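None of these values were measured; they are calculated from a predicted model. One is the number of the first residue; the rest follow in order along the sequence.
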Amino acid sequence: MDSSNAPHIVCTHCGATNRVPAQRLGEDPSCGRCGHALLPGEPVELTDANFAQVVNGTDLPVIVDVWAAWCGPCRMMAPQFAAAAVQMKGRALFAKLDSDAHPRTAGALGIRSIPTLIKLQRGQELARQSGALPAAQIVAFAG
């Protein structure tokens, strides 16, 4: 069975790689090791410690919102990003990376402004968009 029929999803909590049958992606799959939701339908947190493992090992698109707590546009976009995560549940992993708390990863990504959305697939950057967006545009970006 190839990964398109059972994509790999790396658990953001414990780092375990899970193979999930494609028909179960929208059914709240949980990690076989720790039991946490793999595709919770809400943004998950990425860190300097887990970023590379999650984005390189997950077959689904990973949509990363690079943000900071002090950033007004980031705070304004947060509920829109969460709404897009609900709409794309089972089709993409939505994640947030706090650029202040995790400067090594933000620097490696070449972040120059926030908020910045990055679409990654198996570690490869497919698209990037800076600035706050409404949920519909985030869904279009992710799709």
Side-chain angles (χ1 to χ4, degrees), residues 1-69 71 73-75 77-143:
M1 183 180 298
D2 69 12
S3 62
S4 63
N5 291 330
H8 292 102
I9 301 169
V10 175
C11 178
T12 59
H13 294 277
C14 74
T17 299
N18 295 263
R19 187 182 290 260
V20 180
Q23 67 272 20
R24 295 205 52 238
L25 289 172
E27 298 175 7
D28 298 321
S30 59
C31 177
R33 181 188 294 164
C34 73
H36 278 92
L38 294 171
L39 299 169
E42 63 187 21
V44 298
E45 183 179 345
L46 293 179
T47 66
D48 284 341
N50 72 1
F51 185 88
Q53 183 178 12
V54 171
V55 302
N56 292 331
T58 298
D59 291 326
L60 294 178
V62 179
I63 312 304
V64 181
D65 173 17
V66 184
W67 70 287
C71 169
C74 298
R75 290 194 315 270
M77 190 175 83
Q80 300 298 312
F81 191 72
V86 170
Q87 292 178 50
M88 295 295 293
K89 183 176 180 177
R91 295 183 283 163
L93 177 64
F94 276 65
K96 296 183 75 71
L97 177 76
D98 182 337
S99 63
D100 285 348
H102 307 288
R104 183 180 50 148
T105 302
L109 291 169
I111 299 302
R112 303 214 186 290
S113 65
I114 53 175
T116 293
L117 292 179
I118 302 173
K119 180 179 181 178
L120 300 143
Q121 182 113 33
R122 296 291 294 169
Q124 295 293 102
E125 184 174 324
L126 302 179
R128 180 181 292 231
Q129 174 72 46
S130 293
L133 299 173
Q137 284 184 285
I138 297 169
V139 168
F141 175 85

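Using a 4.5 Å heavy-atom cutoff, the side chains of Phe94 and Val64 are not in contact. Pro115 has its side chain out of reach of Val66: every pair of non-hydrogen atoms, C-beta onward, lies at least 4.5 Å apart. Within the 4.5 Å cutoff, side-chain heavy atoms of Leu97 are placed close to those of Leu109. Between Leu60 and Leu39, the closest side-chain pair of non-hydrogen atoms falls below 4.5 Å. Within the 4.5 Å cutoff, the side chain of Trp67 has no heavy atoms near those of the Ser99 side chain. Within the 4.5 Å cutoff, side-chain heavy atoms of Arg19 are placed close to those of His8. For the pair Pro7 and Leu25, the minimum side-chain heavy-atom distance is below 4.5 Å.
The line from CZ of Arg33 to OG1 of Thr17 is 8.0 Å long, rounded to the nearest 0.5 Å. The distance from the CD1 atom of Ile9 to the SG atom of Cys31 is 10.5 Å, given to the nearest 0.5 Å. Rounded to the nearest 0.5 Å, atoms CD1 (Ile114) and SG (Cys71) are 4.0 Å apart.
What you find for Val62 and Ala95 is that their closest heavy atoms are CG1-CB, 4.5 Å. Smallest separation of non-hydrogen atoms from Val10 and Gly15: CG1-O, 3.8 Å. Across all non-hydrogen atoms, the minimal contact from Ile63 to Phe81 is O-CZ, 3.5 Å. Between Ala68 and Asp100, the shortest heavy-atom distance links the atoms CB-OD2, 3.7 Å. For the residue pair Ala132 and Pro73, the shortest heavy atom distance occurs at CB-O, 3.8 Å.
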In a table with atom names and distances, give each donor-acceptor pair under 3.5 Å that connects a side chain of residues 117-124 to protein atoms at least two apart or in another chain.
unit_1	atom_1	unit_2	atom_2	d
Lys119	NZ	Ala142	O	3.0
Lys119	NZ	Gly143	O	3.4
Gln121	NE2	Asp59	O	2.4
Arg122	NE	Asp59	OD1	3.3
Arg122	NH1	Asn56	O	3.3
Arg122	NH1	Gly57	O	3.0
Arg122	NH1	Asp59	OD1	3.1

Residues 101-108 side chain polar contacts: donor-acceptor under 3.5 Å, at least two apart:
unit_1	atom_1	unit_2	atom_2	d
His102	ND1	Asp48	N	3.2
Arg104	NH2	Asp48	O	2.9
Thr105	OG1	Asp48	OD1	2.7

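In this view, Thr12 satisfies the side chain to side chain donor-acceptor pair (under 3.5 Å) rule with no residue, not counting sequence neighbours. Every residue meeting the side chain to side chain donor-acceptor pair (under 3.5 Å) condition with Asn50, not counting sequence neighbours, appears here in chain and number order: Thr47.
Although no hydrogens or angles enter the test, the distance criterion places a donor-acceptor pair under 3.5 Å between the side chain of Asn18 and the main chain of Gly32.
Between His13 and His36, the ring planes lie parallel to each other; the angle is under 30°, not in the 30° to 60° tilted range.
Residue pairs meeting the salt bridge (Lys or Arg N to Asp or Glu O under 4.0 Å) criterion with at least one member in residues 123-143, sequence neighbours excluded: Glu125-Arg128. Within the structure, the side-chain hydrogen bond (donor to acceptor under 3.5 Å, both in side chains) test picks out the following pairs touching residues 78-93 (sequence neighbours left out): Asp28-Lys89.
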